[in-house]
Every structure is written in structure tokens, then in C-alpha cells.
Colleague: 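Mind having a look at this structure? Questions to follow.
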Amino acid sequence: MTSRGQMLNPRRLQRAPDMNLFTDIRELVIATLAAMQEAGDLPREGVGFANVTVEAPRDPAHGDMATNAAMVLAKPAKMKPRDIAETLVAKLVEDDRIAAAEVAGPGFVNLRLAPGVFQTLVGQILEAGTVYGRSELGKGKTANVEFVSANPTGPLHVGHCRGAVFGDALAGLLDFVGYDVTREYWVNDGGAQVDVLARSAYERYREANGQEPRIEAGLYPGDYLIPVGQALKDRFGDSLMDKPEAEWLVPIRDIVSDLMMDGIRADLALLGVKMDVFTSEKSYYDSGKIEKTLEELKGKELLYTGTLPPPKGKAPDEDWEPREQLLFRSTDYGDDVDRPVQKSDGGWTYFAPDLAYHYDKVKRGYDLIIDVFGADHGGYVKRMKAIVAALGGDAVEFDIKLTQLVKLFKNGEPFKMSKRAGTFITLHDVIEQVGADVTRFVMLTRRNDAHLDFDFDKVTEQSRENPVFYVQYASARVASVLRKAGEAGVDTQDSVLAGADLSKLDHEAELALIGKLAEWPRLVEIAARTHEPHRIAFYLYELAGDFHGLWNLGNDVHSLRFVQEGDMATSQAKLALARAVSVVISSGLAILGVEPAQEM
RNA sequence: GCUCGCGUAGCUCAGCUGGAUAGAGUGUCGCCCUCCGAAGGCGAAGGUCACAGGUUCGAAUCCUGUCGCGAGCGCCA
């Protein structure tokens, strides 16, 4: 810390680490309300403050912050909103952080903060660095985010890509607010689909041995299995040729699904996604974990043998007939029907490993469990929620996020994909063409449950229309102006800038930009609570826009430029603001897994 | 038939888990570019928040119903 740091108000050291101005002022409002009760200006009986909020008004004319306290309390206090508001205003202005307060509209109390509050925040941001905005929402808690979980039957495609980016960004967000996060991939290597994979690979193996492959309908036709066939030949020579399936299915299946997983891991690495845990479905079958789980559930009376009613509303049941099955009592926990866990041939249904897997996650003791599925798996939401509700009760918070389809475009033209013809676009292709950073950011420019158009040309365009560019451009501009100032002899270290005379940041436009920075901790909390990382991306776009706006003002109003020739003190104050913007952009991008640009 | 998601400006989408005159980009129209990075800037017009009820001081937001679009729906994966 520099000696200049001592010039700052030491009170900040006692502040909460999240440095959230909104919660600070809310605490002030609530303390003031409590004092009003003390003084007899407000009844105590039945008057709680839980619904009192402090927010940034949409319209800047309404001040920096507004509270709804008077309106919320009017009814329980049996008072008129304006009466409460006026007393509140009179007391609030006594605090030196409040420059002005007034009653407005139906009973809002609009607050204008003393410029010093905002100016001080700039220094705090520089001192805190990317710690600024971390809240304690998840402190001491653990979270598990399961995502991607694509079948190991081929390379990842763009659909998986969105799930991968979303899940990883969500995990990053939870990490940022204090959760101890586990990123997990559920490997479906135990079902019939890996048998199909093995048969498909066997044909490519025959092909490598000079035979014509017999790729029947239902097998995977993709070219990606050709080198796999070659690898099998390298390993087995022709020893498996013309042998019955029973002899080669298991060894080939295990080798090939491992190979596919290697490819998937490599693709995820390209995208910058690193899983903490890969959990294998096959290992559940092999280790008897499913049987063990079901035994336990029988003890809890969650399983029973019975028959399901025929499905309603579907075409007249052709071959449907009632059968006795082992069923999971999921209707007690919000599901539509009880789910069968065992097939009539004695094998497990697909639901059985899901059940065992989620029970396992519950037992690992996470405070928060999130599944990220593609939208085509929306039908599983209720049954999964039923599992966790039945087995975890209130001890665990469980959420399922669905990611909608990605539609690919090239120059505005839809890009047709066909898995059958083998012309589907892989995640690898996308990253090769546009890069991981662009891919990640673009995937987060829509809510997870909305369709996303991904245009190969537009995402690399350099214009305001392209949010990736626009945000990166802002951080590059800051880096550029800092470089330039440094060359002119200004000391631009964060610790020095933090100690600058920040009271020089007194222009409305500068204070407004700081106001935007002040929203960061609050925004992070909302995004984390709602499990919606796209909010980070939108905020960064807005912040970049505000920054560019201030920059552009400097074209007309020279006193607003970040470098003031011959005025070291003012330059440092303004550079501190610019740097604070880039700090927040960096930490926002870090949550999303994107590197900020130093130059472009 | 049932379940889930969606429906906001011409277009693509945000919208603080109930706040004030509903925002951004793009497109359209008008003006502007010697200037820290114009890779543009400023301004204007543009809305029955699908529709109808309800909850309350207050609803795009919560509840009910209707319509439209999408996805899913018993041993498959």
C-alpha cells in the first residue's frame, strides 16, 4: 500500500468485502427506520423491513438510488406513505453520504449520494482488484454443476458447445460468489448406445482390413470412426475379422468409448472447459452400485411393484398392455407418473442409473446441485426433481437449466446440418473458425432458454453490433490509454491510481459511469441467485457502452479526456476510473471464461 | 390429450425474481467526423409487453383461463 492510501477514508476497511453500495445504503435506510420506531415516528407492531429495497432508478432524474420503504410500510404501519417518507427524508439527509433526498411519485424516496461516495468507490475497486463484487452468497457452501454429459459416441457438436459454455460460466459465477464448485460430467458409457458405437467401429475396423463396411441404418455413419477402425486394426490386426459379435463387442466397446472420451476431453480443453470429475455410468453397473441404491430405496419405501396406467391421449394403444414393474414413487414428489426402474427382461431402465447417480450426488452433501440439459431433455426435469426431492429433502437446493438450440448461420444464410450425412458442425470446427473467447461470449448473449443464432461472420465482425468486440474494445482502449500515459511519464500502477485525488471526478458523466460500476456486486448476486450467467455478459456490454460514451464525450469536452496534458493529478484520477472499468470487465470476463484484450 | 418453455419496437433481444414515463442493438429519418483508438457520434420517430380476468398502493414480471409457436410424453437412448 502506498502512503497515499492513507488519505482515503479508513472506514472502508470495516466495510463488507463485497463493497456493495446498495446494501450499504439499504442498511442506512433500515437503521433510520429503526430509529424512527425508537422515536415513536413509526409503530413497531407488525412492521418488518424485509421488503424494503434500495435500487437504482431507471430515470437518472430520480437520483442515484431510490427506496420503496414508505410504500411497503404504509399498510402495516397504518400510515400514509408520504408521511413516512417525509420523516425518513428528514432523517436520511443527516447522514453525510446522502447529498439530497426527496419524496416522489406514490411514495418513493429518491436519494442523491454525495459525490465522495462514488469517488471513494473507484479507489476501493482498484485496491480490491478482481475481488470487487464477490459476495458471500455461497461462502462455506458447496455446489455441483453437471453439464455437457454428451454420450461418448462421437465428437461434440455446437449444441453441446452451448451447454458446455453455459455450465462452465455458471460454475465460474458460483465460484465467484464463494461456492466451492465441482464441475462434473456424467458419462453415458453403460447403455445400448455404446454397443451401437462398438458395432459401428467394428465396421470401420473391417474397412481398415480391406472389407466393405456395412453401415446399416441405426449405426453411426460418421467419418470420425474411420481412424478409430485403423487404430483397432493396429491393435488387433485381423484377429477379430469374421468373429462372432460376442467375442469382440465388449473389448471394442471399452476401447472405443475411451477413445471418444479422449476426443471429448480434448475438445473441452480447446474451449477452455476443465471438468473436475467424470463419473461413469458403466462403473455403476459394474460395481453393483445400482442394486445397492435400490436396496436402500426399498428400505425407504420409495420403490414398489405395480402397473402403470396406459398413456393418455396418444393414438389408440396398439401394443400397449399392462405389466407389473418395479416402480419409483416419483408422483409423491411432483412427477406425472411413477417411473419404472427395471425392464421386464430383468435389466435396468435408463432411469435406474439416473436415480442412483443423483442419489449419489445428494449423499455427497452438496448444498446446491445443478443439472444442465439440452432442451430436448426437458421431459426429464420433473423426474429428476422428484429424485432429489425424495432423497435430499430440504437439505439440498436443486435446479435444472435447459439450453435451447443453436441455429448456425453463415453470412445471414442458415447453415444446414445433417448428422445422417455426417455434415454436422463440430465444436472443434467452431473454435477453429472463430476462437474460444468469441464462441464463449456469444453463447452467453442470450438467455439459456432462448434460441440462439450463431452467425460465423457476424461474431467476428468489429462493430458495436457485436457485443464481444464491443466489450473487448473497451478493455483494449483502457490498456491503450494507460500505455500512452505511462509513456508520458504518469505512474499508472493500480496502487498509485487508487491514491489519486479522486474528488476530481466530479463531472456528471463520470459519476454516472461510477454508478454503473457500483451496480456490479448487486448484479453478480442476482445472476448467481437466478443461475443466469448471461446477465454478466449483458452487464459488460452496457458497462462497455457507458465507458465508450464517456470516451466519446471527450471528443467534444476536452476536460473529460482520460489524459490531461500537464496535469498529473487530474490524469491519474481519470485513469483510475478507466482502470476501474477494466478491472470490472476483466473480472466479468473471467467469470465467463474469456480473456480481456490488451490491444486489438 | 397431458407436461414444460416461449410470446416485449419493423427485425434480433434485455428487463433488477412486483416499482415511477417499458430499455439496448439493428433498421428508418435528420444532423455531425481536423479531436486521448471514428473499428464512428448526437438526436427523432417507432409499443394494446399475445389476449382476457384476478391479486394490491403499483403487474411485462405473481395467479387462473384462452390463443399461437417449440420441445417432451409407458421396458428406447
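This structure is a prediction, so every number in the text was calculated from the model and none was measured. Residue numbers begin at 1 in each chain, while the letters A, B, ... track the order of the sequences.
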Colleague: Classify the side chain of A:Arg447 and the base of B:C13 as holding, or not holding, a donor-acceptor pair under 3.5 Å.
Modeller: no
Colleague: What integer number of Å spans the P atoms of B:U61 and B:G7?
Modeller: 11 Å
Colleague: Distance-only, no hydrogens or angles: does the A:Asn466 side chain make a donor-acceptor pair with backbone N or O of A:Glu461 under 3.5 Å?
Modeller: yes
Colleague: Considering only the C1' atoms, how many Å lie between B:A45 and B:G10, rounded to the nearest integer?
Modeller: 13 Å
Colleague: Can A:His377 be classed as stacking with the base of B:G72, given a centroid separation cut-off of 5.5 Å and a plane angle cut-off of 30°?
Modeller: no
Colleague: Tell me: CG of A:Leu550 to P of B:G41, nearest whole Å?
Modeller: 14 Å
Colleague: Students often mix this up, so state it plainly: with edges at 30° and 60°, are the rings of A:Tyr541 and A:Tyr470 parallel, tilted or perpendicular?
Modeller: tilted
Colleague: From the options B:U56, B:G37, B:C36, select the nucleotide whose nearest atom is closest to the side chain of A:Phe562.
Modeller: B:C36
Colleague: Hunt down the Watson-Crick or G-U wobble partner of B:A39, both distances under 3.5 Å, from any strand shown, or write none.
Modeller: none
Colleague: Applying the Watson-Crick and G-U wobble criteria at under 3.5 Å, what pairs with B:A50? Answer none if nothing qualifies.
Modeller: B:U66
Colleague: Expressed in angstrom and rounded to an integer, what is the separation of A:Arg535 atom CZ from B:G15 atom P?
Modeller: 5 Å
Colleague: Determine if A:Tyr541 stacks with B:A24; use a centre-to-centre distance below 5.5 Å and an interplanar angle below 30° as the criteria.
Modeller: no
Colleague: So, is A:Trp551 near the phosphate of B:A38, with a side-chain N or O under 4.0 Å from OP1 or OP2?
Modeller: yes
Colleague: Now, which nucleotide makes the Watson-Crick or G-U wobble pair with B:A14, with each of the two distances under 3.5 Å?
Modeller: none
Colleague: Looking only at atom C1', what distance separates B:G58 and B:U21, rounded to whole Å?
Modeller: 15 Å
Colleague: So which one's nearest nucleotide on RNA chain B is more toward 5', A:Pro106 or A:Gln342?
Modeller: A:Pro106
Colleague: Identify whether any heavy atom of A:Pro81 sits under 4.0 Å from a base atom; if not, whether one sits that close to sugar-phosphate; answer base, sugar-phosphate or nothing.
Modeller: nothing
Colleague: If you measure from the C1' atom in B:A9 to the same atom in B:G47, how many Å do you get, rounded?
Modeller: 6 Å
Colleague: A:Pro57 or A:Leu560: which one's nearest nucleotide on RNA chain B is closer to the 5' end?
Modeller: A:Pro57
Colleague: Taking any heavy-atom pair under 4.0 Å as a contact, classify A:Phe469: base, sugar-phosphate, or nothing.
Modeller: base
Colleague: Using a cut-off of 4.0 Å on non-hydrogen atoms, how would the nucleic acid contact of A:Asn151 be classed: base, sugar-phosphate, or nothing?
Modeller: sugar-phosphate
Colleague: Respond yes when some side-chain nitrogen or oxygen of A:Arg477 is under 4.0 Å from OP1 or OP2 of B:A38, and no when none is.
Modeller: yes
Colleague: Below the 4.0 Å mark, does B:G15 have OP1 or OP2 next to a side-chain nitrogen or oxygen of A:His534?
Modeller: yes
Colleague: Between B:G37, B:G74, B:U12, which nucleotide gets closest to the side-chain atoms of A:Arg483?
Modeller: B:G37
Colleague: Could you tell me how far B:G27 sits from B:C11 if I compare only their P atoms? Round to whole Å.
Modeller: 15 Å
Colleague: Who is the Watson-Crick or G-U wobble partner of B:U34, with both distances under 3.5 Å?
Modeller: none
Colleague: Would one find a side-chain N or O of A:Arg464 under 4.0 angstrom from OP1 or OP2 of B:G41?
Modeller: yes
Colleague: Applying ring pair (Phe, Tyr, Trp, His ring centres under 6.0 Å), run through A:Phe562 and A:Phe547 and close with a yes or a no.
Modeller: CA-CA 11 Å; A:Phe562 289 95; A:Phe547 172 73; 5.5 Å; yes
Colleague: Hey, which of A:Ser280, A:Ser257, A:Ser283 is the one that makes side-chain hydrogen bond (donor to acceptor under 3.5 Å, both in side chains) with A:Asp189?
Modeller: A:Ser280
Colleague: Identify the nucleotide, in any strand shown, that forms a Watson-Crick or G-U wobble pair with B:G72, with both distances under 3.5 Å; if there is none, say none.
Modeller: B:C2
Colleague: Of the nucleotides B:U17, B:A14, B:A20, which has the atom closest to the A:Phe108 side chain?
Modeller: B:A20
Colleague: At 4.0 Å (heavy atoms only), tell me whether A:Arg339 reaches a base, stays on the sugar-phosphate, or touches nothing.
Modeller: nothing
Colleague: Any donor-acceptor pair under 3.5 Å joining the side chain of A:Asn552 to the base of B:A38?
Modeller: no
Colleague: Give me the distance, rounded to whole Å, that separates B:A60 from B:C33 when you measure between the C1' atoms they each carry.
Modeller: 40 Å
Colleague: Can you figure out which of B:C57, B:G37, B:C76 approaches the side chain of A:Ala476 most closely?
Modeller: B:G37
Colleague: Tell me whether the side-chain N/O atoms of A:Lys75 come closer than 4.0 Å to OP1 or OP2 in B:U56.
Modeller: no
Colleague: Give one of base, sugar-phosphate or nothing for A:Ala104, where a contact means two heavy atoms less than 4.0 Å apart.
Modeller: base
Colleague: Given B:A20, B:G41, B:A39, identify the nucleotide with an atom nearest to the side chain of A:Arg58.
Modeller: B:A20
Colleague: Select base, sugar-phosphate, or nothing to describe what A:Ser480 touches, counting heavy atoms under 4.0 Å on all strands.
Modeller: base
Colleague: Given salt bridge (Lys or Arg N to Asp or Glu O under 4.0 Å), test A:Glu216 with A:Arg199 step by step and report yes or no.
Modeller: CA-CA 10 Å; A:Glu216 296 161 12; A:Arg199 291 187 193 106; over 6 Å; no
Colleague: When the C1' atoms of B:U8 and B:C13 are compared, how many Å lie between them, rounded to an integer?
Modeller: 9 Å
Colleague: Quick one: is B:U26 close enough that its OP1 or OP2 comes under 4.0 Å of any side-chain N or O from A:Lys458?
Modeller: no
Colleague: For A:Ala74, report the nucleic acid contact type (base, sugar-phosphate, nothing); a contact means any heavy atom under 4.0 Å.
Modeller: nothing
Colleague: Ignoring hydrogens and geometry beyond distance, is a side-chain donor-acceptor pair present between A:Tyr473 and A:Arg477 at under 3.5 Å?
Modeller: yes
Colleague: Determine the Euclidean distance between corresponding P atoms of B:C31 and B:U17; express it in Å to zero decimal places.
Modeller: 43 Å
Colleague: Now, which nucleotide makes the Watson-Crick or G-U wobble pair with B:G58, with each of the two distances under 3.5 Å?
Modeller: none
Colleague: Of the options B:C36, B:U3, B:A20, whose atoms approach the side-chain atoms of A:Asp336 most closely?
Modeller: B:U3
Colleague: Using a 4.0 Å heavy-atom cut-off across all strands, classify A:Glu465 as base, sugar-phosphate, or nothing.
Modeller: sugar-phosphate
Colleague: Can you tell me how the ring of A:Phe398 sits relative to the ring of A:His358, calling it parallel under 30°, perpendicular over 60° and tilted otherwise?
Modeller: perpendicular
Colleague: Check A:Val72, A:Val54, A:Leu33 against A:Thr67 for a side chain to side chain contact (heavy atoms under 4.5 Å, CB included) and give me the one that passes.
Modeller: A:Val54
Colleague: With both distances under 3.5 Å as the test, what is the Watson-Crick or G-U wobble partner of B:A45?
Modeller: none
Colleague: Name the nucleic acid region contacted by A:Asp376, choosing base, sugar-phosphate or nothing; use a 4.0 angstrom heavy-atom cut-off, strictly under.
Modeller: sugar-phosphate
Colleague: Under 4.0 Å, counting only non-hydrogen atoms across every strand here, what does A:Val72 touch: a base, just sugar-phosphate, or nothing?
Modeller: base
Colleague: Please work out if A:Val563 contacts a base, only the sugar-phosphate, or nothing of the nucleic acid, heavy-atom cut-off 4.0 Å.
Modeller: base
Colleague: Just do the salt bridge (Lys or Arg N to Asp or Glu O under 4.0 Å) check on A:Lys516 and A:Glu519 with the steps written out, would you?
Modeller: CA-CA 5 Å; A:Lys516 191 74 189 173; A:Glu519 288 175 27; 3.8 Å; yes
Colleague: Just name whichever nucleotide pairs with B:A20, Watson-Crick or G-U, keeping both distances under 3.5 Å, else none.
Modeller: none
Colleague: Where does the angle between the aromatic ring planes of A:Tyr357 and A:Trp186 fall among parallel (under 30°), tilted (30 to 60°) and perpendicular (over 60°)?
Modeller: parallel
Colleague: Which nucleotide wins on minimum distance to the side chain of A:Arg522, given the candidates B:A24, B:A14, B:C16?
Modeller: B:C16
Colleague: Nearest to the A:Lys382 side chain among B:C4, B:U56, B:G70, which nucleotide is it?
Modeller: B:C4
